[in-house]
Amino acid sequence: MATRDHQGRHVIAVTGIGCVTSLGRGVEDNWRELVAGRSGVRRIKRFPTDGMSTTIAGLIDFDIGADAVADRTLTERLAHVAAREAVENAGLGRVGDFPGPLFMAVPPVEYNWDERRAIYDHTPPGPGAVYDRLIAGARHNTSGVGYFPFGRIADTVADSFGTKGLPIAVQTACASGATAIQIAFETLRRGDAEAALVVGTEGFLHEEAVIRFSLLSALSTANEFPEKAAKPFSGNRDGFVMGEGAAALILEDYDAARARGAEIYAIIRGCGEKADDFHRTRSKPDASAIIGAIRRAVDDAGLSPEAIQYVNAHGTGTEENDKMEAFALTSVFGEHMKSIPVSSNKSIVGHTLTAAGALEAVFSILTIRNSVLPPTINYEVPDPDIQLDVVPNVARPARAEIVLSNSFGFGGQNVSLIFAAEPA
Amino acid sequence: MSETEVWITGVGLLSCLGEGEEAHVRALGTTPPPLNVEREKFAPYVVHPVAPFNIDSQIPRRGDQRQMQPWQHIGTYAAGLALSDAGLAGKPEFLSRADLIVACGGNDRDIAVDSTILEGLHGANNPGAFLNSHLLSDLRPTLFLGQLPNLLAGNISIVHKVTGSTRTFMGEEGAGVGAVGVAAWRIAAGQGDLFLVGGASGAERKDLLFNIELGGFLWKGEPGPVWDRPAEGGGIVLGSLGAFLVLESRAHAEARGAKPYARILKVVADRSSREPGAARAAGDRLVAAIEPQLTGADVGVLSGATGVALPTNEERGLLDDLAAKGRIGPVRGAATVLGSGLEADFPALIGLSAIALRRREFYAPFAAGGFEQPATVPPERILATSWGHWRGEGFGLVERVS
């Protein structure tokens, strides 16, 4: 008999995972480093940081492998690395012929300054303005810089992996990875596909990106000891640390996965979403939108709040986010919150922005599978306003069979996902 | 289980022709329709600029206006038009649970800052330090928020109070197809009953012209019918465009007494490599899924053809074959009149389809020359097509509600 959830919907499993971050390439290396609490944050060497107030990040500056399509941007190459691992360990279809659609969280990649300058310098001056010379350079492009429409990243992944149909590429700021999972989840739940490839990727750390976030006072400036800069939930937190990475998940109809004897990594039990209309970069003071997203996820999963055993926090390390997230969690879970551990992977890998929701989904699933809670590192100064068990500094063995993963972003984006161990 | 009907109950359009149903019906009912283009500012390119609009009527707070880029003004304005048209504006009981899907780009540049840096980098002793010092002193934080794609949705939430959920899709024309598609598929499957969905694009941007021209896609001659451009190399004429739709389940619309423009029968989409013949093959596969509902002269076609040679020619080949088989009636190439609004194109075509179906009158030919023939019967269905300038093929079939 077909397996159905509490509302009679298809049950959806995760049958493959892959990731790459500043901690390394692949699920195994990442989990080992994450549990050990070894930070991937380093001093930035990719570009000059003269004059910048933040000079550290969780950059991917190591060789991610020859199969990672050398002529493409890092954001694309990271997506390929993570997707390949997920497809291979799901054992579903093969690279080049994946039997389902693609859902991607993509950053709004643009030409960087090296590229802009190459085009400009390749073009003889004309009578018009500077920008007209740049456009003339585009018209007669001899610089070697290729066309990069917003659809390109999803398109190259769709090409390489042979996914079916028109890819859906989403951008909901720092919730993007979770949004991509959510849309894939809905697609499978209504039976429009039996499997989907979901990828979130972020490899676009350049000087202008760092400066933009600095101008919003969002970044940590604790440059002296890079690995200690990201301090989510602590009293001396001073902003997030940017990171790069990608994560991929294979979502599959539970019955179809069982029928082919696939390994079930986790069940996706529910998702919830609520938009904020208060401010472009800040939450409503009553946290009602964040609370709404968490409550909807719990309701959608058909659970009572007491069923949640662990929270993979958004936990950026900014004053605002951590305060509001802690307040929202306490509001939803009440007294029970005292017995729910919460940790922030961003303390270790930095904030991978567009990829974060997908990456933290992978880490949530690994938490369930391994019965180990990864730590929130750099927690030395408690914040009296945040009464959470943040799994400080050291990983903790603990069963966590039902896990809530939060993702929030600029523009009022709030998404919560719930992952669980079998049984469905 | 029978699928839930997807009703279009609100349309918000803002383009070079003006705003709303009347302006578009008036302009698109004349042959040839007016050609509203800007020829000087972006020479050698022409663009279709947005018609003047009273921004205060939909975005009353100056503080909100200042936080947005022009394309976000266009989108937020068009979203407000759609909500007003559907009778939802100012009704929190609906807006607070409406789901929002936006298709758009972003990445606006500050042309003056970029120009200063490009010129200065040329002779700078320490280019890295020069670049950083200018970025640090010249970038405006409001531009960063204005260039973030998902801040159009964010602004729609803030200004119009649509807060059920918000999602932003990226990827040029295909993002518009995906946005309308996901909303329609979710309603049909009972995964939601009230959506605001649409897109916006601003053509009056040198940075966007630069981006598209790096692919060699811009049309450089006199603006003319999209169908005529492939013979001279092909190309896009960009148009500023905002298009939003209110989509509802039939039951939800009836319960609140909302009248439909039309219903969305199907949205289908695929992608192809764009090797010669690939887009046509994808189009053939998609048409197979809707062919039973292509019943002849009463099916008008609103094409999103961009004028780029390969996809425009292959789409035209497919439409010619469908016409020869008696499957479709008259064809209109909307970009001839509106320009190409990329992510906003497909929502605009669905909106224009809805308007024509409710009025029971298709639009007059946008171009002389034979391919666009006058309608002989009122439309029962309209096929909206989107073959992206670079990737993605999609169709939407919209039907009259009697």
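To find a chain, count down the sequence lines: A is the first, B the second, and so on, and within it residues start at 1. What you see is a predicted model, and the numbers here were worked out from it, not measured in a lab.
Put simply, of A:Val106, A:Asp192, A:Asp132, the one with the most heavy-atom pairs under 4.5 Å next to chain B is A:Asp132. When each of A:Trp113, A:Phe47, A:Tyr111 is checked for heavy-atom pairs under 4.5 Å with chain B, A:Trp113 comes out on top. Note on A:Gly51, A:Gly292, A:Pro108, A:Ala136: by heavy-atom pairs under 4.5 Å with chain B, the leading option is A:Pro108.
Contacts of B:Glu173 with chain A are absent, with no heavy-atom separation under 4.5 Å from either backbone or side chain. Proximity to chain B involves both the backbone and the side chain of A:Thr172, based on heavy atoms less than 4.5 angstrom apart. Residue contact with chain A, scored on non-hydrogen atoms closer than 4.5 Å, involves the backbone and the side chain of B:Ile212 alike.
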Mind running side chain to side chain contact (heavy atoms under 4.5 Å, CB included) on A:Thr281 and A:His279 for me, showing each step along the way? CA-CA 6 Å; A:Thr281 60; A:His279 188 270; 3.1 Å; yes
Take A:Asp155 and B:Trp390 through the side chain to side chain donor-acceptor pair (under 3.5 Å) test and state the conclusion after the steps. CA-CA 10 Å; A:Asp155 200 74; B:Trp390 182 71; over 6 Å; no
The test is side chain to side chain contact (heavy atoms under 4.5 Å, CB included); show your working for B:Ile101 and B:Leu196 and say whether it passes. CA-CA 6 Å; B:Ile101 307 181; B:Leu196 175 65; over 6 Å; no
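With hydrogens and angles ignored, the 3.5 Å screen pairs no side-chain donor or acceptor of B:Lys161 with any backbone N or O of B:Val159.
Side-chain contact between B:Ser96 and A:Lys274 is present, with at least one heavy-atom pair separated by less than 4.5 Å.
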Donor-acceptor pairs under 3.5 Å, side chain of residues 124-131 of chain A to any protein atom, not counting sequence neighbours: which ones?
none

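Residues of residues 407-416 of chain A lying under 4.5 angstrom from chain B, judged on non-hydrogen atoms, are A:Phe410, A:Gly411, A:Gln413 by number.
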